[in-house]
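Comments concern the structure below.
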2 protein chains.
Amino acid sequence: MMRLELDFRSGIPIYIQIVDRIKEMISNGHLKPGDQLPTVRALAQELRINFNTVARAYRILDESGIISTQQGRGTYILEIPPPEVTQAMRQTTIEALTERYLADVLRLGFSPEEVLAFIHRQLKSKSPLQKPF
Amino acid sequence: MMRLELDFRSGIPIYIQIVDRIKEMISNGHLKPGDQLPTVRALAQELRINFNTVARAYRILDESGIISTQQGRGTYILEIPPPEVTQAMRQTTIEALTERYLADVLRLGFSPEEVLAFIHRQLKSKSPLQKPF
DNA sequence: TGTATGATTGTATCATTGTACTAATTGTAT
DNA sequence: ATACAATTAGTACAATGATACAATCATACA
């Protein structure tokens with residue numbers, strides 16, 4: 001149960017209200033990373049609204065990188081790793097990733113030139129930013 | 001233990017991700033004909049997903065003639081991966097590998113230039129190129 | 001050997017989850 | 001009133017999970 005109250009007379013769209021309440025609950029610790037949010041249908045029933053409205057709110061939060069919605073699984077509050085962690089990961093991770101990538105690709109029989117060509121090509125048509133859960 | 005990582009936020013269905021990773025591992029020799037894959041339950045537990053999702057991936061690979069799943073016995077890489085399959089896989093595999101590598105690395109905050117520099121550096125220290133099995 | 005039995009494997013089916021698309025409703029300016 | 005845009009609802013769908021099942025294997029024992 002989600003103790004989330006709406007004001008239907010405020011003129012503020014419901015999906016915005018949901019977004020704001022959930023942000024609040026994360027800020028004040030009522031929701032913690034890893035917590036599962038109610039399903040769109042469950043929360044919709046609780047609030048007596050259509051589940052698509054909840055889905056819209058969830059989508060906004062997802063695009064903001066606050067939650068992770070996964071079809072068939074549910075929606076979860078995202079872990080937000082502290083900056084120093086990601087910074088420490090940066091160096092070791094890129095080395096490991098590159099090592100592994102090159103090993104795999106060379107093992108496939110591609111030449112270094114081909115690999116570079118691929119990198120260049122895909123770098124040009126790149127849409128950035130997705131995070132693993 | 002199966003080095004197989006999923007991205008629950010990519011929007012790409014999990015069963016598709018599993019199919020792709022296994023194709024990759026076959027292409028680059030990490031999996032060889034005759035090798036037994038993890039049981040649907042074992043892999044599911046490792047990935048923290050439902051075993052039916054693994055089963056779905058295995059079924060697709062089975063229908064593609066890449067693996068053989070046998071009720072009560074397990075699933076195995078087929079002895080003779082169809083040539084046209086492996087050949088076609090080679091291309092899609094490098095594309096998938098590259099795309100995933102770049103996504104990972106760019107997410108860490110590296111610029112395309114830095115990535116290219118890294119690649120160049122490691123390619124130099126990586127002496128001869130190997131042939132595909 | 002042969003067979004009984006329990007464990008382990010993949011399979012089938014349906015429920016539950018979020019998604020996509022479209023239609024209806026509501027608010028607001030003209 | 002009308003038109004337009006934003007919001008909400010209806011419907012169909014795709015992905016994942018839960019549960020019960022069938023086939024095979026491993027083991028013990030006669």
Side-chain angles (χ1 to χ4, degrees), chain A residues 1-2 4-22 31 34-78 127 130-133, chain B residues 1-2 4-23 31 34-78:
Chain A
M1 209 53 149
M2 191 77 176
L4 190 157
E5 292 175 12
L6 301 179
D7 183 349
F8 290 98
R9 297 186 189 80
S10 66
I12 300 171
I14 301 205
Y15 70 96
I16 298 289
Q17 292 188 46
I18 296 174
V19 167
D20 291 342
R21 295 297 159 278
I22 290 179
L31 285 175
D35 282 354
Q36 178 170 17
L37 292 175
T39 69
V40 290
R41 285 173 178 81
L43 184 52
Q45 182 175 21
E46 185 181 329
L47 301 175
R48 322 244 180 191
I49 57 178
N50 188 275
F51 67 84
N52 281 297
T53 303
V54 178
R56 183 168 180 180
Y58 281 7
R59 182 155 43 84
I60 290 174
L61 290 164
D62 183 274
E63 289 166 353
S64 304
I66 296 173
I67 66 175
S68 166
T69 73
Q70 301 160 27
Q71 182 171 354
R73 309 193 80 207
T75 76
Y76 302 84
I77 308 292
L78 271 183
S127 62
Q130 291 166 336
K131 274 221 156 192
F133 179 49
Chain B
M1 204 56 155
M2 198 96 172
L4 193 157
E5 292 173 14
L6 301 178
D7 184 349
F8 290 102
R9 295 187 63 207
S10 66
I12 300 170
I14 295 179
Y15 71 96
I16 298 288
Q17 292 187 46
I18 295 173
V19 167
D20 291 343
R21 295 299 96 72
I22 290 178
K23 281 183 180 175
L31 286 175
D35 282 355
Q36 179 172 17
L37 292 176
T39 69
V40 290
R41 284 173 180 80
L43 184 53
Q45 182 175 21
E46 185 182 329
L47 301 176
R48 305 186 187 243
I49 59 177
N50 190 274
F51 67 82
N52 281 296
T53 304
V54 178
R56 184 169 180 181
Y58 282 7
R59 182 156 45 82
I60 290 175
L61 289 164
D62 184 274
E63 289 166 352
S64 304
I66 295 172
I67 67 176
S68 164
T69 73
Q70 302 157 29
Q71 183 170 350
R73 295 180 45 84
T75 75
Y76 300 85
I77 309 293
L78 276 185

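First the proteins, then the strands, lettered A, B, ... as listed; each starts at 1.
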Item to complete: Can you check each nucleotide of nucleotides 16-26 of chain C against protein heavy atoms at under 4.0 Å and return B for base, S for sugar-phosphate only, - for none, in 5' to 3' order?
Response: -BBBB------
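Using modelled atom types, one side-chain atom of A/S10 and one backbone atom of A/I12 make a donor-acceptor pair closer than 3.5 Å.
For B/S68, the side chain to side chain donor-acceptor pair (under 3.5 Å) partners at least two apart in sequence or on another chain are B/Q70. In this structure, the side chain to side chain contact (heavy atoms under 4.5 Å, CB included) partners of A/D62, at least two apart in sequence or on a different chain, are A/I67, A/T69. Residues passing the salt bridge (charged side-chain N to carboxylate O under 4.0 Å, His left out) test with B/R21 are B/E24, sequence neighbours excluded. A/R59 pairs by the side chain to side chain donor-acceptor pair (under 3.5 Å) definition with nothing, not counting sequence neighbours. Residues passing the side chain to side chain donor-acceptor pair (under 3.5 Å) test with A/N50, sequence neighbours excluded: A/N52.
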Taking distance alone, no hydrogens or angles, what donor-acceptor pairs closer than 3.5 Å link side-chain atoms of residues 36-48 of chain A to residues at least two apart or in another chain?
{"unit_1": "A/T39", "atom_1": "OG1", "unit_2": "A/A42", "atom_2": "N", "d": "2.9"}
{"unit_1": "A/E46", "atom_1": "OE2", "unit_2": "A/M2", "atom_2": "N", "d": "3.4"}

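Note: CD (B/Q17) to P (D/dA15) measures 12 Å, nearest angstrom. D/dA9 atom P lies 13 Å from atom CZ of A/R48, rounded to whole Å. The CD-P distance, from B/Q45 to D/dA18, rounds to 13 Å in whole Å.
In terms of phosphate contacts, B/N50 brings a side-chain nitrogen or oxygen within less than 4.0 Å of OP1 or OP2 of D/dA18. Contact annotation: A/R56 does not reach the phosphate of D/dT8 (side-chain N/O to OP1 or OP2, under 4.0 Å).
Listed in residue order, the members of residues 5-15 of chain A having a heavy atom less than 4.0 Å from DNA chain D are A/P13, A/I14, A/Y15.
Rounded to the nearest 0.5 Å, atoms CG (A/D35) and CD1 (A/I22) are 11.5 Å apart. Rounding to the nearest 0.5 angstrom, the gap separating the CD1 atom in B/I49 from the OH atom in B/Y15 is 12.5 Å.
You'll find the side chain of A/R56 stays beyond 4.5 Å of the side chain of A/I14, heavy atoms only.
An end-to-end axis angle of 10° holds for the helix from C/dT1-D/dA30 to C/dT30-D/dA1, taken from five base pairs per end and rounded to 10°.
In this structure, B/E63 places its CD atom where more than 12 heavy-atom neighbours from other residues, nucleotides or ligands lie under 6.0 Å away.
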